[in-house]
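Taking it in order: structure first as structure tokens, then the write-up.
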Amino acid sequence: MLKADDPVPEFSLKGSDGKTYSPKSLRGKKWVLYFYPKDMTPGCTREACDFTDNIQRFVAGNTIVLGVSGGSMDSKKKFIEESSIGFPLLADEDFLLAKAFGSWGEKKNYGKTYMGLIRSTFLVNESGRIEKVWSNVKVDGHVDKVLDALYSLVPSK
């Protein structure tokens, strides 16, 4: 998994808003890239809604939020519509971005071991370097932790 101060890997993915996102297109901005396992599942919906409920706090910190998981863009658009998500989602259909960030790996659930997307979040600075990483995220309270880290980067006036 990538760690603080690592540069983000190159990628180019279309967002649910029709824009193409890449480290180059995001340079000069702070951004949060969070990986979630699957559209429209209970934990992923709670996490997306928590980011949405706090989106103005991210905007006030000049920070873009992007969610990413496998599945199709049609699934992302349905998820956004059904859950009123207030930021773009990226479809990583082959999990190439998840693998590049180290967010793809072995998981265990109900005694079964399988490969899957690891719920994780990356806070990226304006120069495209990772500021903070959260892995094996627990949904409840996570967005507040991300915001605390974001605002600790903002110089006090």
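Being a predicted model, the structure only gives us computed values, none of them experimental.
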Hey, what do you get for [atom1] ([X]) to [atom2] ([Y]), rounding to the nearest 0.5 Å?
X	Y	atom1	atom2	answer
Asp6	Ile130	CG	CD1	5.5 Å
Leu150	Asn62	CG	CG	9.0 Å
Lys132	Asp148	NZ	CG	10.0 Å
Lys78	Ser83	NZ	OG	10.5 Å
Ile85	Ile55	CD1	CD1	11.0 Å

Practice task
Give a yes or no on whether the ring-centroid distance for Phe58 and Phe51 is below 6.0 angstrom.
Solution key: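 Yes - the distance between ring centres of Phe58 and Phe51 falls below the 6.0 Å cut-off.
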
Restricting to non-hydrogen atoms, name the atom on [X] and the atom on [Y] that form the minimum distance, rounded to 0.1 Å.
X	Y	answer
Phe79	Ala48	CZ-CB, 4.0 Å
Gly15	Met73	C-CE, 3.8 Å
Gly67	Tyr36	C-CE2, 3.9 Å
Pro23	Pro9	CG-O, 3.3 Å
Lys77	Ser16	CE-O, 3.9 Å

Student check: side-chain heavy atoms of [X] and [Y] closer than 4.5 Å:
X	Y	answer
Val65	Trp31	no
Leu66	Leu89	no
Val32	Thr63	yes
Tyr34	Phe87	yes
Tyr21	Ser12	no
Met1	Val133	yes
Met40	Ser75	yes
Glu106	Thr113	yes

If hydrophobic clusters are built by linking Ile, Leu, Val, Met, Phe, Trp and Tyr wherever their side-chain heavy atoms come under 4.5 Å apart, do [X] and [Y] end up in the same one?
X	Y	result
Leu33	Leu13	yes
Leu90	Ile80	no
Val139	Val68	no
Phe11	Leu96	no
Ile64	Val146	no

Handout entry: More than 12 heavy atoms of other groups within 6.0 Å of Lys145 NZ
Key =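 No, not enclosed.
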
Salt-bridged, [X] to [Y], with N to O below 4.0 Å?
X	Y	result
Lys99	Asp92	no
Arg57	Asp144	yes
Lys76	Asp39	yes

Does [X] reach the main-chain N or O of [Y] with its side chain, forming a donor-acceptor pair under 3.5 Å?
X	Y	result
Lys30	Gly61	yes
Thr45	Thr41	yes
Asp50	Arg46	no
Thr52	Gly86	yes
Arg27	Ser127	yes

Side-chain donor-acceptor distances from residues 115-123 under 3.5 Å, at least two apart:
from, atom 1, to, atom 2, distance (Å)
Arg119, NH1, Glu47, OE1, 2.6
Ser120, OG, Ser103, OG, 2.6
Ser120, OG, Ile118, O, 3.0
Thr121, OG1, His142, NE2, 2.7

Practice task
Might you work through the side chain to side chain contact (heavy atoms under 4.5 Å, CB included) test for Leu26 and Val124, ending with a clear yes or no?
Solution key: CA-CA 10 Å; Leu26 294 164; Val124 181; over 6 Å; no

Exercise for the section: Dump the intermediate steps for side chain to side chain contact (heavy atoms under 4.5 Å, CB included) on Val137 and Phe35, then the final yes or no. Expected result: CA-CA 10 Å; Val137 166; Phe35 291 88; over 6 Å; no

Handout entry: Flag for Ser72-Asp74: side-chain donor and acceptor within less than 3.5 Å
Key = no

